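Single-structure report; data block below.
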Amino acid sequence: MATASSSVAQLIPWELSHTLSSSYEFWQSLPFSYVFIGHCLFCALAAPELRDRFLVHYMLTFLWGNGGGITTALLLMAPQYAKLAFFASNEIMASWTVCWWLVNYFPGDVFRNLLKRWYIKVFAKSCTALLRALLIVQRVDLGCKLYPGVAAAPLLLGTLAGCGGRLIADAMLYGWQAMPGSAELTSPGFVSRSAAMAAVTYHVLGHVLQLLPLSAAAGLVVTALMLHSFATEITGRPLDFTAPVADLLHILTRVPSPSTLATVVATSSQKAVTDASTKSRAQAKTPNKTPEKAATPSKTPPTKTKQSKVGASPSKGDTSAVPADNIAASVGLAEQQENNSSKAGSAAADKKTKANLVQTAADADGSLAITRQRRSTRRLTAA
């Protein structure tokens, strides 16, 4: 195995290895302070819907940008090799706090609007991509150093270094019910896939097969991630080069892709909704004949309404003799007839009362006229 890999390594041009090594040295030579400030400005743009809860937004954006280093440092528990970001130096927290405030709470959103310009955003995002790529390489080297011969250590540490911040941010967004889409663990995307691919590529090429020097393998990984960051911001497209590799692995391993499962579930649920709506429309168009028969007026005279009620009730021995809908309709019709008859009776009573009142008034007028006539007769007699 070692002989085969060494023979293959001799086929790689020396110029290519030297160029990749030089590129890695160039990326490392950039001043950390300026790169970290650009990284802080880009990370502070995240989750604008949570700016009204400043402490949540402060912690969320910080962990989103630095969660990979924090997660791997906690796993290693070796501060002499990997320090926590907020304990590394005073410069880290001071720079982050100032950049976070400028982006989110500076009057007029001046810095937020400036970061929306494409050339400034390209610079800020490239700073984040650079720190992420360098951290992946560093954690792979540290895993190989602390756990020699264990392949899981460098691969897990390198992958978490590149996507740990996203995993923590998803958990916090889910807890605050502000998740914009699916979580990274639910449906792995470019963040986790690119981190895993970078860790595997660097570990295999530099540590396992030794096809390239470590500096050249690191230069290959960091340069590829930096070029992808530049290209995505300039073109405005995702340019996910990890998707074909992921699709091939799903086909070979027969492990279903989460996106495929989500599509199948969405299609089946949409079909179920369509079938249900079609069935409800068909039932709405089909007339229900039972209420029409029940609504037919009964031929039983109104005076025998109570007998109809008694006759409409089925016996205890045969509960299915009369349909429940017909019984309810008959009872309702009988009650309506009773109401009509009671209304007619009350109208007749009112009419009779009015006639009595008129007659009483007439009698009173007649008696008053007789009384007046008698009084006039008495006056004439007295005169």
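Values in this document were obtained by computation on a predicted structure and should not be read as measured data.
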Item to check | Flag, side chain of S194 to backbone of V191, donor-acceptor distance under 3.5 Å | outcome: yes

Next on the checklist: Between D170 and A183 (side chain of the first, backbone of the second, donor and acceptor by atom type, cut-off under 3.5 Å), is there such a pair?
Outcome noted: no

Checklist outcome for this item: Residues pairing under side chain to side chain donor-acceptor pair (under 3.5 Å) where one sits in residues 135-150, two or more places apart or in two chains, turn out to be T72-R139, D141-Y202, D141-H207

Could you tabulate the donor-acceptor pairs under 3.5 Å formed by side-chain atoms of residues 212-224, not counting sequence neighbours?
from, atom 1, to, atom 2, distance (Å)
S215, OG, S21, OG, 2.9
T223, OG1, S23, OG, 3.4
T223, OG1, W27, NE1, 3.2
T223, OG1, G219, O, 2.6

Once rounded to the nearest 0.5 Å, what's the spacing between atom [atom1] of [X] and atom [atom2] of [Y]?
X    : Y    : atom1 : atom2 : result
I168 : C163 : CD1   : SG    : 10.0 Å
N66  : L135 : CG    : CG    : 9.5 Å
L41  : F36  : CG    : CZ    : 10.5 Å
L63  : F86  : CG    : CZ    : 8.0 Å
S17  : L211 : OG    : CG    : 9.5 Å
D109 : R51  : CG    : CZ    : 5.0 Å

Next on the checklist: side-chain contact (heavy atoms from CB on, under 4.5 Å) for W100 and T61? Distances and angles first, verdict last.
Outcome noted: CA-CA 9 Å; W100 172 79; T61 49; 3.8 Å; yes

Is it true that, when you exclude [X] itself, more than 12 heavy atoms of the residues, nucleotides or ligands shown sit nearer than 6.0 Å to its [atom1]?
X    : atom1 : value
Y34  : OH    : no
Y174 : OH    : no
Q177 : CD    : no
M93  : CE    : yes
Y105 : OH    : yes
D52  : CG    : yes

Next on the checklist: Could you go through L173 and W64, starting from their C-alpha distance and side-chain angles, then the distance that decides it, and tell me whether this counts as side-chain contact (heavy atoms from CB on, under 4.5 Å)?
Outcome noted: CA-CA 11 Å; L173 289 173; W64 181 70; over 6 Å; no

Is it true that [X] and [Y] fall in one hydrophobic cluster, defined by side-chain heavy atoms closer than 4.5 Å?
X    : Y    : result
V208 : L157 : no
V110 : Y119 : yes
W118 : M226 : yes
W96  : V103 : yes
L55  : W101 : yes

Of all heavy-atom pairs between [X] and [Y], which one has the smallest distance, and what is that distance?
X    : Y    : value
M172 : V56  : CE-O, 4.4 Å
L60  : A47  : CD2-CB, 3.6 Å
G108 : N113 : O-ND2, 3.6 Å
G158 : I136 : O-CG1, 3.6 Å
A82  : L142 : CB-CD2, 4.0 Å
T159 : L155 : OG1-O, 2.7 Å

Next on the checklist: With side-chain contact (heavy atoms from CB on, under 4.5 Å) as the criterion, how do R166 and S192 come out once you've worked through the C-alpha distance, each side chain's angles and the decisive distance to 0.1 Å?
Outcome noted: CA-CA 9 Å; R166 176 64 183 273; S192 56; over 6 Å; no

Checklist entry - Parallel, tilted or perpendicular: which describes the rings of F190 and H228, with under 30° parallel and over 60° perpendicular? => result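 Ring orientation, 0 to 90° scale: parallel.
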
Checklist entry - Would Y24 and L134 count as a side-chain contact (heavy atoms from CB on, under 4.5 Å) if you check the C-alpha gap in whole Å, the side-chain angles of each, and the deciding distance to 0.1 Å? => result CA-CA 9 Å; Y24 182 63; L134 292 176; 3.8 Å; yes

Flag side-chain contact, heavy atom, 4.5 Å: [X] against [Y]:
X    : Y    : result
F54  : N104 : no
L84  : P79  : no
V98  : I37  : no
L76  : Y81  : no
M197 : F241 : yes
F42  : L115 : no

Donor-acceptor pairs under 3.5 angstrom involving side-chain atoms of residues 120-130: please list them, not counting sequence neighbours.
from, atom 1, to, atom 2, distance (Å)
K125, NZ, T232, OG1, 3.3
K125, NZ, E233, OE2, 3.2
S126, OG, V122, O, 3.0
S126, OG, F123, O, 2.6
T128, OG1, H39, ND1, 3.0

Item to check | Under 3.5 Å side-chain donor-acceptor pair for S229 and R132 | outcome: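 No pair is found: no donor N or O on one side chain lies under 3.5 Å from an acceptor on the other.
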
